[in-house]
Amino acid sequence: MKFKVKNLHIRAGGFVVAVLNVADAVELDVYPGDRISVSGNGKKINAIVDTTHQDKVVPPGSIGLFEELRKRIHGKKKIVNVMPAQQPLSVDYIRKKLKGKTLSTEEIQEIVKDIAHNKLSKIELTYFVAGGYIHNFSTRETYDLTRAMFETGEVLKLRSKVVVDKHCLSGDVPVIVRNTGNVKV
């Protein structure tokens with residue numbers, strides 16, 4: 001379906017969000033939290049759906065773009081194509097952890113990759129944390145999670161050969177950890 005673009009001048013904190021009028025969402029058979037594919041300006045971006053009943057906010061036939069989506073796709077486009085999209089595979093893996101099952105290395109890597117690229121909603125992130133809290137991560141899952149975070153994130157290259165970090169146990173006994181740069185994972 002084609003929609004007229006409306007810039008909402010709202011940021012979602014890194015998440016890619018689009019707002020549809022409820023009438024249009026019903027026609028597309030999408031609901032808040034679902035994913036849609038927004039195409040325009042030679043780009044195709046998946047976004048998390050939010051809806052409104054307020055025609056003043058987003059009238060029928062229009063799509064409201066949060067700043068993150070507008071910057072990635074809008075350009076000078078006034079019309080975009082919208083269709084339902086699949087949720088990321090990592091959502092299925094998060095459900096798996098919530099059910100108490102162990103995640104594979106590949107499943108954890110997929111979750112961390114989607115987190116790093118803001119493909120998961122805050123609720124999905126919360127479920128992932130809750131799954132680990134309720135069912136505990138195994139030693140292997142903890143290793144895989146740490147490794148995936150290291151491989152996905154930015155790595156600081158420190159100029160100093162000595163790095164010191166201070167921690168306190170029980171709130172009163174300082175423990176000094178010294179790293180001479182020879183640490184292996």
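What you see below is based on every heavy atom in this structure, not just the backbone, and it leaves out hydrogens, waters and symmetry mates.
The list of side chain to side chain donor-acceptor pair (under 3.5 Å) pairs with a residue in residues 46-58, not counting sequence neighbours, reads Asn21-Asp55.
Residues Ile63 and Ala18 come closest through the heavy atom pair CD1-CB, 3.8 Å. Across Glu124 and Lys119, no two heavy atoms sit closer than the pair OE1-O, 4.3 Å. Residue Glu151 comes nearest to Gln109 through the heavy atom pair OE1-NE2, 4.0 Å, listed as atom of the first residue, atom of the second, then distance. The two residues Thr152 and Ala116 come nearest to each other via the heavy atoms CG2-CB, 3.1 Å. In this structure, Asp24 and Gly61 approach most closely via the heavy-atom pair OD2-N, 2.6 Å. The heavy-atom pair separating Gln87 from Asp92 by the smallest distance is NE2-OD1, 3.5 Å.
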Q: Please assess Leu69 against Val17 for the test side-chain contact (heavy atoms from CB on, under 4.5 Å), listing each intermediate value before the final yes or no.
A: CA-CA 7 Å; Leu69 180 54; Val17 179; over 6 Å; no

Q. Arg11 and Phe66: side-chain contact (heavy atoms from CB on, under 4.5 Å), yes or no, with the steps?
A. CA-CA 6 Å; Arg11 292 180 190 264; Phe66 276 53; 6.0 Å; no

Q: Evaluate the salt bridge (charged side-chain N to carboxylate O under 4.0 Å, His left out) criterion for residues Asp144 and Arg147: first the C-alpha distance (whole Å), next the side-chain angles of each, then the deciding distance (0.1 Å), finally the verdict.
A: CA-CA 5 Å; Asp144 289 339; Arg147 187 82 183 159; over 6 Å; no

Q: Could you check Lys97 against Glu107 for salt bridge (charged side-chain N to carboxylate O under 4.0 Å, His left out), going step by step and ending with a plain yes or no?
A: CA-CA 10 Å; Lys97 187 63 187 174; Glu107 291 167 337; over 6 Å; no

Q: Run the numbers on Leu103 and Ile111 for side-chain contact (heavy atoms from CB on, under 4.5 Å), then give the verdict.
A: CA-CA 10 Å; Leu103 298 174; Ile111 292 168; 3.9 Å; yes

**Q.** CA sep, side-chain torsions, deciding dist, call: Met149, Thr146, side-chain contact (heavy atoms from CB on, under 4.5 Å)
**A.** CA-CA 5 Å; Met149 290 166 58; Thr146 305; 5.6 Å; no

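Between Asn81 and Val38, the closest side-chain pair of non-hydrogen atoms is not below 4.5 Å. The shortest distance between side-chain heavy atoms of Ile79 and Val5 does not fall below 4.5 Å. Within the 4.5 Å cutoff, the side chain of Glu141 has heavy atoms near those of the Ile108 side chain. Contact of the Tyr127 side chain with the Val91 side chain is not registered, since no non-hydrogen atoms from C-beta on lie closer than 4.5 Å. Side-chain contact check for Val49 versus Tyr31: every heavy-atom pair is 4.5 Å or farther apart. Between Ile94 and Leu120, the closest side-chain pair of non-hydrogen atoms falls below 4.5 Å. The shortest distance between side-chain heavy atoms of Arg72 and Lys43 does not fall below 4.5 Å. For the pair Tyr143/Thr139, no side-chain contact is recorded, criterion being any heavy-atom separation below 4.5 Å from C-beta on.
With rounding to the nearest 0.5 angstrom, the CD1 atom of Ile45 is 9.0 Å from the OG atom of Ser39. To the nearest 0.5 Å, atoms CD (Glu110) and OG1 (Thr105) are separated by 13.0 Å. Ile36 CD1 to Met1 CE: the interatomic distance, rounded to the nearest 0.5 Å, is 11.0 Å. If you take OG on Ser37 and CE on Met83, they are separated by 6.5 Å, rounding to the nearest 0.5 Å. For the atom pair NZ of Lys96 and OG of Ser90, the computed distance is 13.0 Å after rounding to the nearest 0.5 Å. With rounding to the nearest 0.5 angstrom, the CG atom of Asp114 is 10.0 Å from the CG atom of Leu125.
There is a path of hydrophobic side-chain contacts, each under 4.5 Å, that joins Leu20 to Val80. Residues Tyr133 and Val112 fall into different hydrophobic clusters, defined by Ile, Leu, Val, Met, Phe, Trp and Tyr side chains chained together at heavy-atom separations under 4.5 Å. Tracing side-chain contacts under 4.5 Å through hydrophobic residues (I, L, V, M, F, W, Y), one reaches Leu65 starting from Val16; they form part of the same cluster. Residue Val26 is not grouped with residue Val30 when hydrophobic side chains (ILVMFWY) are merged at heavy-atom distances under 4.5 angstrom, including chains of intermediate members.
By the ring pair (Phe, Tyr, Trp, His ring centres under 6.0 Å) test, Phe128 is found to be paired with Phe137, residues two or more places apart in sequence or in another chain being considered. The side chain to side chain donor-acceptor pair (under 3.5 Å) check on Glu27 picks up nothing, with sequence neighbours excluded.
With hydrogens and angles ignored, the 3.5 Å screen pairs no side-chain donor or acceptor of Arg70 with any backbone N or O of Lys6. A donor-acceptor pair is defined here as one N or O able to donate and one able to accept, closer than 3.5 Å; such a pair exists between the side chain of Glu68 and the backbone of Ala12. At least one donor-acceptor pair under 3.5 Å links the side chain of His117 to the backbone N or O of Lys113. At distances below 3.5 Å, not a single donor-acceptor pair connects side-chain atoms of Ser62 with backbone N or O atoms of Val58.
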